[in-house]
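Everything on this sheet refers to the single structure shown next.
Note that these values count all heavy atoms, side chains included, but never hydrogens, waters or copies made by symmetry. In what follows, chains carry the letters A, B, and so on, assigned in the order in which the sequence lines appear, proteins first and then strands, with residues in each chain numbered from 1.
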Amino acid sequence: MSSANSPGRSESQFSGQVETGEGHDVQGLHAPIMREKADPRDGFEPIPPWMAGIFGIVVFMGGMYLQRYSGDFRADIYEERRPAIGASAKKDQKPVDPIAVGKRLYATQGCVSCHQANGMGQAGAIPPVAKSEWVAGSAARLSRILLQGLQGDVKVLDQTYNGNMPAFGTKLKDEQIAAVLTYLRQEWGNQAEAITTESIAAAREATKDHSNAWNAGELMAITSEDKVAAPVEKPAQRAKP
Amino acid sequence: MTLTEIIWMACAFIFGGTAVWGLSWSVRAGQLDDLNGAATSIFDDDEPVGLRTDGFPTGQVEKFR
Amino acid sequence: MSLVTRPPDRRVSIDASTRLPVLVFFTSAVFWLVTGSFLAILASIKMHTPGFLASTSWLTFGRVRPAHLNAVAYGWASMAGIGVLLWLMARLSRAELRYPWLLAVAGGIWNVGILLGIVGILSGQSSGIEWLEFPPYVPPILVAAYAIVGVWAVVTFRDRREKHVYVSQWYLFGAIFWFPWLYTVTNLLMVYQPITGVTQASVNWWYGHNALGLWFTPIGLAAAYYLIPKVIGRPIHSYYLSILGFWALALFYNWNGAHHLIGGPVPAWLVTVSSVASGMMIIPVGAVAINHHMTMWGYFHVLKYSPTLRFIVFGSMCYTAVSLQGMSQSFRTLNQVTHFTHYTVAHAHLGLYGFFSMVMFGCIYYIMPRLTGWEWASSRMIKIHFWTTALGIGSYWTILTWGGLMQGIELNDSDLPFMTIMKRTIPYLWSRTFSGVLMTTGHLVFAALFAMNLLHLGERRTEPTLLGDNDDNVATESAQAPPVLGSSH
């Protein structure tokens, strides 16, 4: 017990001076410490180099991660993955694949329930779209079938059908109709040219006064393709926010 | 900036400032000068380095070493 | 080393000055621990047997679960933490607590707050905000009680006779100032002047995560940094590293909360910054882990004897484990799988239970005999307490981590119906209840031990209760003089 050493201690404490230990029984104080040779390095062991190395790597990787996934620290970017540094956001957007979009529309817009997944239609009721001469033939006629629908007798692959093909002109946008038709023209062994959004727009413009469904005879009367207007100056891209 | 935002930001700066002050104080006050003494500062005079204090029956201390 | 005298008689009077408030806080903590454990078992049973006690509105899952969380977080963990904080602060400052009764009053007020809060939640008044479910009239009560504690801790520090500010004190200071800041700000922004939209979620998780990292963690680490060296009688391995660890924690932890919002509708940078900060936590965690491990190096056999050390070292190991796990979880690749699964639950328990609660148990084993002047009644009971809780949390974590991973992988498979996935988790949930029962058993044993110590029951022991000895060779009263209050053993 070294309680004898306590007086004087509080004094120096409150005067804010550095403890010098003067006047204390230095020998007595050290005795218990000397008794066991404690590892002299205890207490001030520096950071091991390997650990400092790991810390360094972690900091570096943190910086990389921050740089890559911080979305420019903008309040309106919610998706952390962004194009490689330097590439503009526009360039990174892959052009949409009309076949993929068309395939999805074929499934979601109900075509599949009538014309079936294999494009073969239903014997006696719904004509096939696979190998169909209507599908592979005139783009002007095909566009109109989709825009306003088709009814009455129609001959497809030497079979006559009489049903109601619903109109999709009000439901689908030009590029969607173009996509689904392009899909029809290139699936199930069909190998016709793609249908462009512009040609659908032209067909829509040419038939704006025709609200009823077509019949086969009317369509056969159309012999020329729709005039696609020369591309006008596109409206400016969405202004940068 | 709204008033609320200014208030919160002020709070944040005060908060961060306190931390910076704390660190600089500890350096100025020499808290980091003697790390060896610092590590042993928790021991009282009767429980110096090398003596366990969770209570070790006197007779058994040797046994536990 | 500077020549400073540290007279042991001072220690005795310091311990005596902390006696009343620390015992008030510890006793309440143990009460809330037991209450919280029963609420936990109830909630756990309802996960696999939803009909269990479901006809009483007070005992429905939506109320029992938050009641459990708040009872253990604010009742058990916070009160035990405050007790340890006060004791440590007095010891490290080498200054007696002034007006200890005032702190005991604070403990009383805190208890009133928790009681009102738990009853409020059970009666259906939960605020519905995670970690802040207490109805709106409770937070002011807790803040009032906390104000006394916080101010008193600072006053004690100002009274200090020890010139050096030990690393534990830095951590305690962190906790003392961080908690009120977190708690009041979040309550203002979420309860009293609610902000709108996704900002709410950000603030909510800023609080939820920091409550663990900036309130519980610093107290737990402060205790470990004091008691590990103290028990084995060897200073910490690298004081330098410990200081680095503290400042790195102060710098990085606060940013971590937003990693709970991965995949949520918040700006990408917020989540990314938080993931990076979580990764940076490897610095403070690594510093602590290496330091504690190296301090223990060559002394691991002491774990066999010292109850304090055994609990605290177990807790420290869990701290390393839970931190590393948390870091990995904060990255999007793993989070995609584990988010919204039992994996997260396992993680949370490893932190608050495996780490913090176990450290608190260790502290209580060290502090109590010094306050009551009475040794622990039975080393066998301490052993039971240790093994039930250690195996309990061990199995809990293993089961739910595995179950959560499976659940997460299945949830990401859109071909599996939700109900199938739910049904597959049931065996895991049963095992979780089992682990919960195991831990609760330990808590009951601990509560009994605690009460016996408080009331001086059992045979008088003249020597500390260690795990290595057996209960039979207890020295009886006549054999030796009774231990002096607070004296070292």
More than 12 heavy atoms of other groups within 6.0 Å of C:Trp255 CH2:
no

Any side-chain heavy-atom pair of C:Ile283 and A:Val59 under 4.5 Å
yes

Please classify the contact of C:Ser242 with chain A as side chain, backbone, both or neither, using a heavy-atom distance under 4.5 Å.
neither

Search all heavy atoms of C:Ile282 against all heavy atoms of A:Phe55 and return the closest pair with its distance.
O-CE2, 3.9 Å

C:Phe300, CZ: over 12 other non-hydrogen atoms inside 6.0 angstrom:
yes

Quick one: are C:Val276 and A:Met61 in side-chain contact, heavy atoms under 4.5 Å?
no

Which of residues 266-274 of chain C get closer than 4.5 angstrom to chain A, counting heavy atoms alone?
C:Val266, C:Pro267, C:Ala268, C:Trp269, C:Thr272, C:Val273

Can you tell me if A:Met51 has over 12 outside heavy atoms packed within less than 6.0 Å of its CE?
yes

Considering residues, nucleotides and ligands other than C:Tyr99, do more than 12 of their heavy atoms fall under 6.0 Å from its OH?
no

Give the minimum heavy-atom separation between C:Met280 and A:Val58, together with the two atoms involved.
CE-O, 3.4 Å

Among C:Gly279, C:Gly286, C:Pro265, which residue has the highest count of heavy-atom pairs closer than 4.5 Å to chain A?
C:Pro265

